[in-house]
Protein chains: 2
Amino acid sequence: MPVQRNECPVEAVMSMLSGKWKIPIYRCLYKNNRPVRYSELQRHMPDISKKILTEQLRELERDGIIERKSYPEPRPRVEYMLTSSGRSMIGFLDMMSDWSVQHGWINK
Amino acid sequence: MPVQRNECPVEAVMSMLSGKWKIPIYRCLYKNNRPVRYSELQRHMPDISKKILTEQLRELERDGIIERKSYPEPRPRVEYMLTSSGRSMIGFLDMMSDWSVQHGWINK
DNA sequence: CGGGATCCGTGACGATACTG
DNA sequence: CAGTATCGTCACGGATCCCG
């Protein structure tokens, strides 16, 4: 996904969140509400390949939704967490979820 | 786009609105707030081909977001409008728009 | 451990021509 | 006018292997 500074604000946001694994990543980071390691994300989503996971993380980072911290220890460690900007997306995400439930598209 | 009764409510909604022209179509129908003809939609979005326009309209209709009415007169006429369900999406769409503006992704 | 490099299949999107 | 039918392209997602 390229950077899309679209004229339409809605499309701009949709573009940032479109990507097969971005919502699952977001949910994992939001629920845990703490720095989460790369390998933890992998365990949480067994079906994603490293290439794609890294790709989606890079895009979320580029768009200011998550933050990446690298600790170059002997055993390399990388942690991801939502930025405050990213956290603030929960407003419309919750509304989308409610809409979905109310209109019978989902069980949960 | 296939029907995606995803386990995740957010992804379900995203799936319904993902499609290059769905937001533009939604905006046109929302702003006008009346039945809009097929040809009018074409004029409003000159860069979309008939095949794609029809495709996106069919998906929006299938997902209960818009309604299609056909008047088989000598000069065939087809009108589209948002369902009440579709109209109620404006809640989170407006929030997305506001978020986008607040976080400096857009001018408008 | 947390990636990057390479190759590849598939499906969204589009151009164009035709039709009831 | 409001669509189908057909064909082509391209980029997203994925499998696999390699690296510091």
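All chains are named by letter (A, B, ...) in the order of the sequence lines, taking the proteins before the strands, and each is independently numbered beginning at 1.
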Residue pair A:Val10 / B:Ser100, side-chain heavy-atom distance below 4.5 Å: no
d(CD, B:Glu79; P, D:dC1) in whole Å: 14 Å
Within residues 33-42 of chain B: residues closer than 4.0 Å to DNA chain C (heavy atoms): none
Selection from D:dG14, D:dA2, C:dC1 that lies nearest to any side-chain heavy atom of A:Pro76: C:dC1
Residue pair A:Lys22 / A:Leu60, side-chain heavy-atom distance below 4.5 Å: yes
Atom pair distance, as rounded to whole Å: CD1 in A:Ile52 and P in C:dG2: 18 Å
Sugar-phosphate only, base, or nothing, as touched by A:Tyr80 at under 4.0 Å among non-hydrogen atoms: sugar-phosphate
For atom CG of A:Leu53 and atom P of C:dC1, their distance in whole Å: 14 Å
Pairwise distance OH(B:Tyr26) to CG(B:Leu82) - rounded to 0.5 angstrom: 5.5 Å
Main-chain N/O of B:Gly64 paired to B:Thr83 side chain as donor or acceptor, under 3.5 Å: yes
For atom NZ of A:Lys50 and atom C1' of D:dG20, their distance in whole Å: 13 Å
Which nucleotide in D:dC1, C:dA15, C:dT6 has an atom nearest any side-chain atom of A:Lys51: C:dT6
Gap separating the CD1 atom of B:Ile66 from the CD atom of B:Glu59, nearest 0.5 angstrom: 10.5 Å
Derivation and outcome, side chain to side chain contact (heavy atoms under 4.5 Å, CB included), residues A:Met89 and A:Val13: CA-CA 10 Å; A:Met89 285 179 142; A:Val13 178; 4.2 Å; yes
Sub-4.5 Å side-chain heavy-atom contact between B:Phe92 and A:Asp94: no
All salt bridge (charged side-chain N to carboxylate O under 4.0 Å, His left out) counterparts of B:Glu40, not counting sequence neighbours: B:Arg34
A:Met45 CE - C:dG2 P separation (whole Å): 13 Å
Between D:dC12 (P) and A:Glu55 (CD): distance, integer Å: 8 Å
Helix axis bend for the helix from C:dC1-D:dG20 to C:dG20-D:dC1 - C1'-based end axes, five pairs, 10° rounding: 50°
For atom CD of A:Gln56 and atom P of D:dA11, their distance in whole Å: 17 Å
Residue whose nearest DNA chain D nucleotide is more 5′ - B:Thr54 or A:Ile48: B:Thr54
D:dA2 phosphate, OP1 or OP2, under 4.0 Å from B:Arg68 side-chain N/O: no
